[in-house]
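In what follows, every chain begins at residue 1, and chains take the letters A, B, ... in the order their sequences are listed. Side-chain atoms are counted along with the backbone in the values below, which use heavy atoms only and exclude waters and symmetry mates.
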Amino acid sequence: MIVAEVAISLLILVGAFFLFVGSLGLAKLPDLMRRLHGPTKATTLGIGSMLIASMLYFWAIEESPSIHELLITLFLFLTAPVTAQMIAKAHILRERHARESIPGTGRPVGWATLDAAKADEHSEHTQIPSGP
Amino acid sequence: MIDIACIIATAAIAIASLLTLYRLARGPDVLDRILALDTLVINTIGLIVVIGLWFRTTMYFETALLFAMVGFVTTVALCKYLLRGNVIE
């Protein structure tokens, strides 16, 4: 029982540490693309180890295993990359200097995000009609 | 022992939330603020899980799940709005 308690406490502390480091990175890093790295670690490692601690607690000490934590973990692990990608995409498409600082792909096609935006601009379906 | 760990974790998450609020108030761009809001939601989920462990109750897990869902939908909707000027086209 004492082993389980030590393990749970350690996992809680590790989770809190990673949440703190994620927010510290968000507050201190110089630009958005670098700031994106902080919260992703907070999500996966911080929340992940806290939920493992919680699962271990209800399984080993209360002896009533629960699977809610698995649901939260699964949901967060699925959505965190989508969020980060949406923010990065919005950043690249909104800021000219971000768009110009991307290196080339080294292939006949460019970056998918930029190509799609360019194709959208030339497409007749998204053209703004000029006058009546 | 778990109680002490929970107290330390709560304090750490409180400081983390303050750092996130700093970025939310300061952030030079809208996207910085969206990222800060997303991080704030993550911190809140961590806080809810720790408090559930502290009070020895499973009641808070539904709250954490709801927070995760609402946070994800909010972030994606805001990004979509910034990208296209519309949430659902």
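- Proximity to chain A is limited to the side chain of B/D38, based on heavy atoms less than 4.5 angstrom apart.
- Contacts between B/A36 and chain A at a heavy-atom distance below 4.5 Å involve backbone atoms as well as side-chain atoms.
- Contact of A/R35 with chain B is made through backbone and side chain together, with heavy-atom distances under 4.5 Å.
- Both the backbone and the side chain of A/V6 come within less than 4.5 Å of a heavy atom in chain B.
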Show me the donor-acceptor pairs, under 3.5 Å and distance only, between side chains in residues 11-18 of chain A and residues at least two apart or in other chains.
none

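- A/I8 contributes atom CD1, which lies 7.5 Å from atom CG of B/L53 (distance to the nearest 0.5 angstrom).
- Remark: B/M1 CE to A/I2 CD1 distance equals 4.5 Å, nearest 0.5 Å.
- No other option in B/T10, B/V49, B/L18 has as many heavy-atom pairs under 4.5 Å with chain A as B/V49.
- Residue B/I13 touches chain A through its side chain alone, counting heavy-atom pairs closer than 4.5 Å.
- Residue contact with chain A, scored on non-hydrogen atoms closer than 4.5 Å, is absent for B/T74.
- The distance from atom CD1 of B/I8 to atom OG of A/S9, rounded to the nearest 0.5 Å, is 9.0 Å.
- For A/I72, the parts sitting under 4.5 Å from any heavy atom of chain B are the backbone and the side chain alike.
- The part of A/I47 that comes within reach of chain B is its side chain, from C-beta onward, which places non-hydrogen atoms under 4.5 angstrom from that chain.
- A/L26 is listed as a side-chain neighbour of B/T20, based on a closest heavy-atom distance under 4.5 Å.
- A/P39 is listed as a side-chain neighbour of B/L35, based on a closest heavy-atom distance under 4.5 Å.
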Can I get a per-line list of side-chain donor-acceptor pairs under 3.5 Å for residues 76-90 of chain A, giving both atom names and the distance, sequence neighbours left out?
| residue | atom | partner | partner atom | Å |
| --- | --- | --- | --- | --- |
| A/T79 | OG1 | A/F75 | O | 3.0 |
| A/T79 | OG1 | A/L76 | O | 3.4 |
| A/T83 | OG1 | A/T79 | O | 2.8 |

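- Taking CE from A/M50 and CD1 from B/I48, the interatomic distance works out to 12.0 Å, rounded to the nearest 0.5 Å.
- With rounding to the nearest 0.5 Å, the separation of CG in B/L65 from CD in A/E69 is 10.5 Å.
- No continuous path of hydrophobic side-chain contacts links B/V70 to B/V41 [ILVMFWY only; heavy atoms under 4.5 Å].
- Only the side chain of B/D29 comes within contact range of chain A, judged by heavy atoms closer than 4.5 Å.
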Check against side chain to side chain contact (heavy atoms under 4.5 Å, CB included), B/T39 and A/S23: CA-CA 7 Å; B/T39 317; A/S23 296; 4.0 Å; yes

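- Annotation: B/I4, atom CD1; neighbour count of heavy atoms from other residues, nucleotides and ligands within 6.0 Å does not exceed 12.
- How far CG of A/L19 is from CD1 of B/I15: 12.5 Å, rounded to the nearest 0.5 Å.
- With a 4.5 angstrom heavy-atom cutoff, A/L36 touches chain B via backbone and side-chain atoms both.
- Within the 4.5 angstrom heavy-atom criterion, atoms from both the backbone and the side chain of B/V76 approach chain A.
- Put simply, of B/N43, B/V50, B/L47, B/L21, the one with the most heavy-atom pairs under 4.5 Å next to chain A is B/N43.
- For chain B, the nearby part of A/F58 is the side chain; its heavy atoms alone come within less than 4.5 Å.
- Residue contact with chain A, scored on non-hydrogen atoms closer than 4.5 Å, involves the side chain of B/Y22 exclusively.
- For B/I42, the parts lying under 4.5 angstrom from a heavy atom of chain A are both the backbone and the side chain.
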